[in-house]
Each structure stands twice: as C-alpha cells, then as structure tokens.
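For this chain, numbers begin at 1 and follow the sequence in order. All values below come from the heavy atoms of this structure, side chains included, with hydrogens, waters and symmetry mates left out.
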Amino acid sequence: MKIEEIIKEKPHLQSPLELYEKIKNLTEQCKQEKERVKLDNDIALIDIVLKNFSSIFNIPFESISFLKDEIIKSGKDIIKEPDSLWFLPIQSEELSKEELERMLFILSKPFFVFLRKEGQQASFMDTGKCPVCGTDSSFAMITENNEKIMICPLCEHGGSFFRIGCPYCFNKDSSKIEILLDDEEIRAEVCLECNTYIKSFRENHYIKYRDPFLIDLISLPLDIVAQKKGYIRRSPNFIGLRVIK
C-alpha cells in the first residue's frame, strides 16, 4: 500500500508518514550505495550518510558537513556504536534541542542498518533486546504458526521471542498481560508487572502494508491510548518517537 493512499485514509498521520518515507529512502539509498561501492572505510561511510541526508531532506550539505568533524573529534566508533551519534555535544542557534536530537537520530539509522548482516538469524530469547545492536524492541509480528518475531526499530533485525511474555521483565504469566486493540486489531500487549507494553500485529497486516515499521506508525493512536493509561513504551519507533502525545 502506497504512502499517498494511507495518508488519504489517515490524514491525521500525514506528518509522521511523510517523515517515515524520507527516513526509509535514506536508509535504503545509503545501504545500496555502501554495497555498490563496497566501502568499509568509516570516513567514506560518514560521507555517504551525510550526502544522502542532505539530498533527501533538502538541506545544504555545507550546513551539516561540520558533523563529520564532530564525529571524528568525538573519538567514537560510529560504525560499531551508532548510538554515539545521539550524544555528540552539538549546539545550534538554528535548531531547537528537540530538532537537533531528531536529526541525530535520523542520521544514526543507516549506521544501525549497516550493523545487520543479510540473512543473520538470532533470537531475542536471552535478553529480550536486539541481539545485533542491543536495543529494546517494542514491536512484534505474530506469524501464521503463532510465533512471535520481535523487530528492532533501529537495525531492523527480526528474531523470535516467547509467544506470551514481556521482553523487559520476562513476565510470562498470561494473567498479568492485558491486550488493547485498535480498529485494525493491532494489539498493545500490556505487562502489569513492569507497566510497559509492546505492540504486535499479524501477518495479514504485513500483507496489506508490506513494512512492519509502517504498521507501527499507522497504529500511533494505540500508543496514545496505552500511554494515557500510564503504560510505557521502552524503545522509539522508526521516526524516533517513544512518548506519543
């Protein structure tokens, strides 16, 4: 289903859906360019991400080129630790703190995707966190075989987890897990032990939308309902939102 069609159906989600489309294009273009030129040099990868970010978000490259120096100056290995981008000590007179944080989150996305190896299989069973990048996940797909596949919002790795269970506190008592449903029957699985929730969807939703992160966004109203009830989402969605207002 095309973004334009979804926006017509759900005009209240126009802004997050348009941002989703740009971030999706950014990660795909960076990944394709990395594979095409077979680069593994850190500096070259930084150039690729900044160049594509500049093009897709229509921001002059000169306005963001200083970030390359800031990344190098930080001494952090952004290829192995993409989240180090979030903590760069950058101040801007043109951008608010929130806008700056959002930009750094978006720039980190391709580096997280670079971490994932094609065909890599690893479950979330041991820690509940992504086995590739260590991120919490708040989203899962339920397969036709009734298997739960947790999906990392950052590196996009998918791996199995207990069908009934909280990935944060490992509560597996079904009597302490409640279900909230939206109009499309996307679920918020609420853990009464640790006051957190994850969202889950079935394969028929994937057949319709073809992208789990898009499903996460079209069900933003379900996040609002869960959070108004006092439940916590532990990880951001594809566009960097965790607290939904």
Side-chain angles (χ1 to χ4, degrees), residues 1-36 45-61 63-64 67 82-83 85-86 95-96 98-116 118 130 133 135 137-141 149 151-158 182-184 186 199-201 203-224 233 235-245:
M1 197 170 185
K2 293 181 179 179
I3 293 293
E4 296 81 8
E5 295 171 350
I6 300 173
I7 290 175
K8 284 182 180 179
E9 285 186 6
K10 304 176 187 293
H12 58 290
L13 295 176
Q14 180 173 350
S15 179
L17 288 172
E18 288 176 344
L19 180 57
Y20 153 86
E21 190 169 35
K22 289 182 178 180
I23 298 175
K24 190 74 175 176
N25 288 339
L26 173 67
T27 55
E28 288 299 319
Q29 288 184 26
C30 290
K31 182 181 175 185
Q32 290 173 13
E33 191 168 346
K34 176 180 181 290
E35 292 172 351
R36 185 173 65 251
L45 290 176
I46 294 170
D47 285 336
I48 284 177
V49 172
L50 291 178
K51 182 189 71 176
N52 281 288
F53 179 85
S54 168
S55 173
I56 291 170
F57 285 86
N58 197 28
I59 297 173
F61 184 78
S63 299
I64 59 171
L67 287 169
D83 60 347
L85 250 177
W86 306 345
L95 299 174
S96 67
E98 183 178 343
E99 289 171 330
L100 191 56
E101 288 176 350
R102 179 63 53 81
M103 182 181 74
L104 293 175
F105 174 85
I106 293 170
L107 284 169
S108 74
K109 276 287 295 172
F111 293 104
F112 274 103
V113 173
F114 294 160
L115 288 174
R116 198 181 77 248
E118 210 62 45
C130 175
C133 69
T135 302
S137 176
S138 298
F139 204 54
M141 179 172 75
I149 305 296
I151 303 169
C152 177
L154 296 180
C155 75
E156 305 180 15
H157 173 74
D182 72 1
D183 293 341
E184 295 198 43
I186 297 169
K199 292 195 296 184
S200 63
F201 65 95
E203 281 196 69
N204 62 298
H205 294 106
Y206 183 80
I207 291 170
K208 179 178 179 180
Y209 292 105
R210 293 295 174 184
D211 187 332
F213 308 107
L214 185 52
I215 297 169
D216 196 5
L217 286 183
I218 62 119
S219 57
L220 279 176
L222 183 57
D223 287 283
I224 294 173
R233 177 174 176 140
S235 62
N237 58 25
F238 192 81
I239 62 173
L241 295 176
R242 185 175 62 82
V243 177
I244 316 298
K245 299 177 181 180

Only one of Leu85, Ile239, Ile56, Leu26 passes side chain to side chain contact (heavy atoms under 4.5 Å, CB included) with Ile106, and that residue is Leu26
Heavy-atom distance under 4.5 Å between the side chains of [X] and [Y], does that happen here?
X	Y	value
Phe105	Pro236	yes
Leu154	Val113	no
Phe53	Met103	yes
Cys133	Pro82	no
Tyr209	Asn204	no
Leu19	Arg102	yes
Asn237	Asp223	no
Leu107	Leu50	yes

Backbone N or O of [Y] within a donor-acceptor pair of the [X] side chain at under 3.5 Å?
X	Y	answer
Ser55	Lys51	no
Lys199	Asp216	yes
Ser219	Ile215	yes
Ser96	Glu99	yes

Closest non-hydrogen atom pair, [X] against [Y]:
X	Y	result
Tyr20	Ile3	CE2-CD1, 3.5 Å
Cys152	Ser137	N-OG, 4.1 Å
Phe213	Lys24	CD1-NZ, 4.5 Å
Asp182	Ile186	OD1-N, 2.8 Å

Quick one: side chains of residues 5-16, donor-acceptor pairs under 3.5 Å with protein atoms, not counting sequence neighbours, listed by atom name and distance.
| from | atom 1 | to | atom 2 | distance (Å) |
| --- | --- | --- | --- | --- |
| Glu5 | OE1 | Lys2 | N | 3.4 |
| Lys10 | NZ | Glu184 | OE2 | 3.2 |
| Gln14 | NE2 | Glu18 | OE2 | 2.9 |

Output the distance between atom [atom1] ([X]) and atom [atom2] ([Y]), rounded to the nearest 0.5 Å.
X	Y	atom1	atom2	result
Phe238	Leu214	CZ	CG	9.5 Å
Ile149	His157	CD1	NE2	9.0 Å
Phe201	Leu222	CZ	CG	13.5 Å
Thr27	Lys22	OG1	NZ	14.5 Å

With sequence neighbours excluded, tell me which residues meet side chain to side chain donor-acceptor pair (under 3.5 Å) with [X].
X	answer
Lys31	Glu118
Ser235	Ser138
Ser108	Trp86
Asn52	Glu33

- Asp211 and Tyr206 side chains, donor-acceptor separation under 3.5 Å: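 Checked: Tyr206/Asp211 side chains show no N/O donor-acceptor pair below 3.5 Å.
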Margin query: Working note: Glu203 + Lys208, criterion side chain to side chain contact (heavy atoms under 4.5 Å, CB included); need CA distance, chi angles, decisive distance, verdict.
Written below: CA-CA 9 Å; Glu203 281 196 69; Lys208 179 178 179 180; over 6 Å; no
- From CA spacing to verdict: side chain to side chain contact (heavy atoms under 4.5 Å, CB included), Cys30, Phe114: CA-CA 9 Å; Cys30 290; Phe114 294 160; 4.0 Å; yes
In short, salt bridge (charged side-chain N to carboxylate O under 4.0 Å, His left out) pairs touching residues 105-116 with sequence neighbours left out are Lys109-Glu156
